[in-house]
Amino acid sequence: MKVNAGWFAALAAAFFAAAASAETSPVPQQKIASVQYLVGTWSCAHTVGTFAGTYTTTYAKAVGDLWLKQTYDFPPGQADREPAVRGEFLMGYDERRQAWVRFGVLSTGQYFAIRMTETADRGWSWKYVSFFKTQNPETPDSDATFTRKSDSEYAVDGPSYEQNGTHVTEHHVCKKA
């Protein structure tokens, strides 16, 4: 029993040391600090194919200030949808993989997991990833790009997909309210 207790104590000490080390790393805090310009409310205009509309999105610090929570509010009648659509996303930095991640859900039941790679223009390229096998294997190309125009404006181009038999690409321009 003493051997097991000693082994358990060593394992627990290693676990707590690793957890404390992860908690004290400045990298995630620095990464989140670099995107604090997003915190607040934004007015956005978007086009998808021949459709154009507007929506509001809000960013706030979340989960120990190591994540940003983004909330989308699309009014009724957007993109052939009668009811309003709401979305919630969490965005954070994965230090071990040296990359950003984004997870989101919509009130329509859709959900998204996104790998984000920093770009030279202080934005990201987004890669939508799947939790399940799909007919279309993942490609190395990005699916969308987030471009920071200034501390009060950004654009998102993509993704592209089939909608009612037509290939469309989303375009969003957001300005801080």
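Computed from a prediction, not measured in an experiment: that's the story for all the values here.
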Check the pair I114 / V101 against side-chain contact (heavy atoms from CB on, under 4.5 Å), numbers first and verdict last. CA-CA 6 Å; I114 302 167; V101 293; over 6 Å; no
Please step through side-chain contact (heavy atoms from CB on, under 4.5 Å) for the pair E95 and S25, ending with a clear verdict. CA-CA 9 Å; E95 183 178 8; S25 171; 2.8 Å; yes
Would W100 and V35 count as a side-chain contact (heavy atoms from CB on, under 4.5 Å) here? Give the steps. CA-CA 12 Å; W100 290 85; V35 295; 4.0 Å; yes
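In this structure, the ring of Y72 has its center less than 6.0 angstrom from the ring center of F89.
Under the 30°/60° scheme for interplanar angles, the aromatic rings of Y55 and H172 are found to stand perpendicular. Ring-plane geometry between Y154 and F146 is classed as parallel, the angle between the planes falling under 30 degrees on a 0 to 90 degree scale with a further cut at 60.
M91 is not listed as a side-chain neighbour of K69, based on a closest heavy-atom distance of 4.5 Å or more. Proximity of Y128 to F112: side-chain heavy atoms (C-beta onward) are separated by under 4.5 Å at one or more points. Contact of the Q110 side chain with the V105 side chain is not registered, since no non-hydrogen atoms from C-beta on lie closer than 4.5 Å. Residues S152 and K175 have side chains not in contact (no heavy-atom distance under 4.5 Å, counting atoms from C-beta outward). In this structure the side chain of Y59 reaches within 4.5 angstrom of the side chain of W42, judged on heavy atoms. Contact of the Y93 side chain with the Q98 side chain is registered, since non-hydrogen atoms from C-beta on lie closer than 4.5 Å. By the 4.5 Å heavy-atom criterion applied to side chains, Q36 and L68 are counted as neighbours. At least one side-chain heavy atom of E118 sits under 4.5 Å from a side-chain heavy atom of K31.
Residues I32 and V27 fall within the same hydrophobic cluster, defined by Ile, Leu, Val, Met, Phe, Trp and Tyr side chains chained together at heavy-atom separations under 4.5 Å. Put simply, L66 and L90 are part of the same group of oily side chains (I, L, V, M, F, W, Y) that touch within less than 4.5 Å, one to the next. Taking hydrophobic clusters as Ile, Leu, Val, Met, Phe, Trp and Tyr residues chained together by side-chain heavy-atom distances below 4.5 Å, V156 shares a cluster with V85.
T166 pairs by the side-chain hydrogen bond (donor to acceptor under 3.5 Å, both in side chains) definition with nothing, not counting sequence neighbours.
In this structure, V129 stands alone, with no Ile, Leu, Val, Met, Phe, Trp or Tyr side-chain heavy atom under 4.5 Å from its own, directly or through other members.
Summarising the geometry, atom CE belonging to M116 is positioned 14.5 Å from atom NZ belonging to K127; distances are rounded to the nearest 0.5 Å. To the nearest 0.5 Å, atoms OH (Y161) and NE2 (H167) are separated by 10.0 Å. Atoms OG1 and CZ, from T56 and R86 in turn, are 10.5 Å apart once rounded to the nearest 0.5 Å. Note that the CG atom of L106 and the OH atom of Y111 stand 12.0 Å from one another [nearest 0.5 Å].
Taking every heavy atom of both residues into account, F131 and A113 meet most closely at CZ-CB, 3.7 Å. Minimum interatomic distance between P75 and T54 (heavy atoms only, all atoms of both residues): CD-O, 3.2 Å. The minimum heavy-atom distance between A144 and G158, with the atom names listed, is CB-C, 3.6 Å. Shown here for V168 and G49, the closest heavy-atom pair between the two residues is CG1-CA, 3.6 Å.
In summary, the side chains of Q70 and T58 do not present any donor paired with an acceptor at a separation below 3.5 Å, with no hydrogens or angles considered. Checking D141 against T139 by side-chain atom types alone, no donor-acceptor pair falls below 3.5 Å.
Side chain of S142 to main chain of S125: no donor-acceptor pair is present (N/O by atom type, distance under 3.5 Å, no hydrogens or angles). T47 places no side-chain N or O within 3.5 Å of a backbone atom of F51 that could act as its donor or acceptor partner. Remark: side-chain polar atoms of K176 are paired, donor with acceptor, to backbone N or O of V39 under 3.5 angstrom. Not a single donor-acceptor pair under 3.5 Å links the side chain of D157 to the backbone N or O of H171. When atom types are taken as modelled, the side chain of T57 and the backbone of T71 share a donor-acceptor pair closer than 3.5 angstrom.
Remark: R115 fails to qualify as a cation-pi partner of W126 under the 6.0 Å distance and 45° angle criteria applied to the six-membered ring. With Y37 as the aromatic partner, R148 meets the cation-pi criteria of under 6.0 angstrom to the ring centre and within 45 degrees of the ring axis.
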